[in-house]
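Chain letters run A, B, ... following the sequence lines, proteins first, then strands; residues in each count from 1. What you are looking at is a predicted structure, and each value in this text was computed from that prediction instead of being measured.
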2 protein chains.
Amino acid sequence: MQNTSSGLAPLVRQLLNRSKLTEEDQAAILAMPHQVKQIPALNYIAREGDRPTHSCALISGFAVRHKTVGAGGRQIVNIHMAGDMVDLQNSLLACADHSVQALTKVEVALIPRQAIEEIAFERPAVGKALWVDTLAEGSIAREWVANVGRRDAKTRVAHLLCEFAMRLEAAGLGQQCNYELPMTQEQIADTVGLTSVHVNRTLRALDTEGYTKRSKRSVVINDWKRLAEVGDFNPLYLHFA
Amino acid sequence: MQNTSSGLAPLVRQLLNRSKLTEEDQAAILAMPHQVKQIPALNYIAREGDRPTHSCALISGFAVRHKTVGAGGRQIVNIHMAGDMVDLQNSLLACADHSVQALTKVEVALIPRQAIEEIAFERPAVGKALWVDTLAEGSIAREWVANVGRRDAKTRVAHLLCEFAMRLEAAGLGQQCNYELPMTQEQIADTVGLTSVHVNRTLRALDTEGYTKRSKRSVVINDWKRLAEVGDFNPLYLHFA
DNA sequence: CGTGTTTTTGACTTCAGTCAATTAAAGTGG
DNA sequence: CCACTTTAATTGACTGAAGTCAAAAACACG
């Protein structure tokens, strides 16, 4: 398998956003055994209750992790893009406590659990990079707790737009101030803990007040600083080196 | 340092809730260099923006991690009890994105960052246990996103009471259906994303409707199953083995 | 005891949800 | 390429859960 053609190249790219890795370490990651799989939009990559045997890295497309609550609602608890490990969570822990769903058509690399554990402990730098990614993911989840717990609708939505912008750019998938948001307003609602109707009104307000310019799914951020301000957005929690 | 008297005994106990560790591995954890420190209630163990040089395991008492949002509110994003690693997060990542505050008088063990990294890679079982704990913590954060994002007040509060009950019992610090909740109603409010007034009304309602019996800070759960039901509580996400 | 939290309660407000209908966009098959 | 469906976005009128403000009661503690 040639390095640059490995399906795991996006994973390496993302890990480098938070950790240093030698050429050798990078090559070792690229050389991990894996199987590429296509998944159509809205299909499930994993389901709550699964006991997965493989870890899964996103090669292209977008996916979310979500939970279903008793009252029938759903809450999106993570958004994933190319290069993200989608379920280290599901791999080291015995049982999935949430589902992973493709938002768009998606390509994933399935990596045997064993291979992840081996590389993590044979190559400490790689192990540490994966661990750091796990921590960063936890950090993002905590920021989301604060976002849905203590911010009003406008701030919440603006915050999401900012986070997505920065992560996209870090993943090399778009520009921070001009990108495609691959989500319906209903999916945004399930992410920020609002209803789709209110998300609609809020997005509209952000447009009207000149923070953004949207058409279809495309988002143009007119003034990053101003949007970051209404969104109470401080990128520290993303832990990009 | 004798094993049973090591300040790190609670840490080992907690790790065993999610991972298997040989006697040898356990001894190695207990033997990590560390310094015990007392911290009075409400003091800070770490502050947002710190660049910590030590990791910190809780030996006794309770602590929270919280974030401050622009509008002046605060959101508690984690609750910690004896045996929890309070800031692996802060230790492997460069910069703390939240503060850690003692809820009660607290004893912590400060462990040099280096020592954590060494043991993690010299003893894969220990490294994996720490990693699993990191993942479990992320899992709890995700459940909190769902709790705050998609559940109503009564459900949220009941869920918190259930989570606390289970974690206390797992940590060997109390009984699942009869424990002391070391938080004011205002702190509960900052945890579940409500106001203290509404938390008061909600706790009262749970009492009136017979789910719980409270006096001061003590909580008695009359019927676990019923409370878990209104709280939409499924302990899977805690990932106790 | 007195002072300062914490808990409780009541009256009123508001932000976001609900319900329902309309418009716009994106597919689909002939 | 056009009628036909389906999904997504938008808008308006009304509701309701939780927030705000303010004051009283109950504790906790030096």
Subject >> Between C1' of C/dT8 and CD of B/Gln185, the distance in whole Å >> reply: 8 Å
Original post:
Where the side chain of B/Arg201 is defined as all heavy atoms beyond and including C-beta, which of D/dT20, D/dG12, C/dT7 is the nearest nucleotide?
Top reply: D/dT20
Original post:
To the nearest Å, how far apart are A/Asp152 CG and C/dC15 P?
Top reply: 9 Å
**OP:** Check the pair B/Thr155, B/Val230 against side chain to side chain contact (heavy atoms under 4.5 Å, CB included), reporting the backbone distance first and the verdict last.
**Re:** CA-CA 6 Å; B/Thr155 314; B/Val230 287; 5.9 Å; no
**OP:** Using a 4.0 Å heavy-atom cut-off across all strands, classify B/Leu194 as base, sugar-phosphate, or nothing.
**Re:** sugar-phosphate
Original post:
How would you label the contact of B/Arg156 with the nucleic acid (heavy atoms, under 4.0 Å): base, sugar-phosphate, or nothing?
Top reply: nothing
**OP:** Ignoring the backbone of A/Asn200, work out which of D/dT11, D/dG19, C/dT7 is nearest its side chain.
**Re:** D/dT11
Original post:
Start at the 5' end of DNA chain D and walk down; is the nucleotide closest to A/Arg214 or to B/Thr195 reached first?
Top reply: A/Arg214
**OP:** Measure from NZ or CZ of B/Arg167 to the centre of the six-membered ring of B/Phe164, then state whether that distance is under 6.0 Å and the direction lies within 45° of the axis.
**Re:** no
**OP:** Round to the nearest Å and state the distance from B/Arg151 atom CZ to D/dA18 atom P.
**Re:** 14 Å
Subject >> Protein-nucleotide distance (A/Leu203, atom CG; D/dT11, atom C1'), rounded to Å >> reply: 15 Å
Subject >> Protein-nucleotide distance (A/Arg150, atom CZ; D/dG19, atom C1'), rounded to Å >> reply: 10 Å
Original post:
Among the nucleotides D/dT10, D/dA8, C/dA16, which one has an atom lying closest to any side-chain atom of A/His198?
Top reply: C/dA16
Original post:
Side chains of B/Tyr179 and B/Glu169: do they bring a donor and an acceptor to under 3.5 Å?
Top reply: no
**OP:** Using whole Å, report how far CG of A/Leu42 lies from P of C/dG27.
**Re:** 12 Å
**OP:** Report yes or no: is the cationic atom of B/Arg226 (NZ for Lys, CZ for Arg) under 6.0 Å from the centre of the six-membered ring of B/Tyr211, at an angle within 45° of the ring normal?
**Re:** yes
Subject >> Phosphate contact (D/dT11 OP1 or OP2) by A/Arg204 side-chain N/O below 4.0 Å >> reply: yes
Original post:
Quick one: do the A/Thr212 and A/Asp207 side chains pair a donor with an acceptor below 3.5 Å?
Top reply: yes
**OP:** Measure from CD on A/Glu186 to C1' on C/dA25 and round the result to the nearest Å.
**Re:** 16 Å
Original post:
Salt bridge between A/Lys154 and A/Glu209, side-chain N to carboxylate O under 4.0 Å?
Top reply: yes
**OP:** Measure from the side chain of A/Ala153, starting at C-beta and using heavy atoms only, and say which of C/dA16, D/dT11, C/dT6 lies closest.
**Re:** C/dA16
Subject >> A/Arg217 side chain near C/dA25 phosphate (N/O to OP1/OP2, under 4.0 Å) >> reply: no
**OP:** For the residue pair B/His98 and B/Arg65, confirm or rule out a side-chain donor-acceptor distance under 3.5 Å.
**Re:** yes
**OP:** Rounded off to whole Å, could you give me the CD1-to-C1' distance for the A/Ile188 and D/dT10 pair?
**Re:** 14 Å
Original post:
How does protein contact run along nucleotides 22-30 of chain D, one letter per nucleotide 5' to 3', with B for base contact, S for sugar-phosphate only, - for none, heavy atoms under 4.0 Å?
Top reply: ------S--
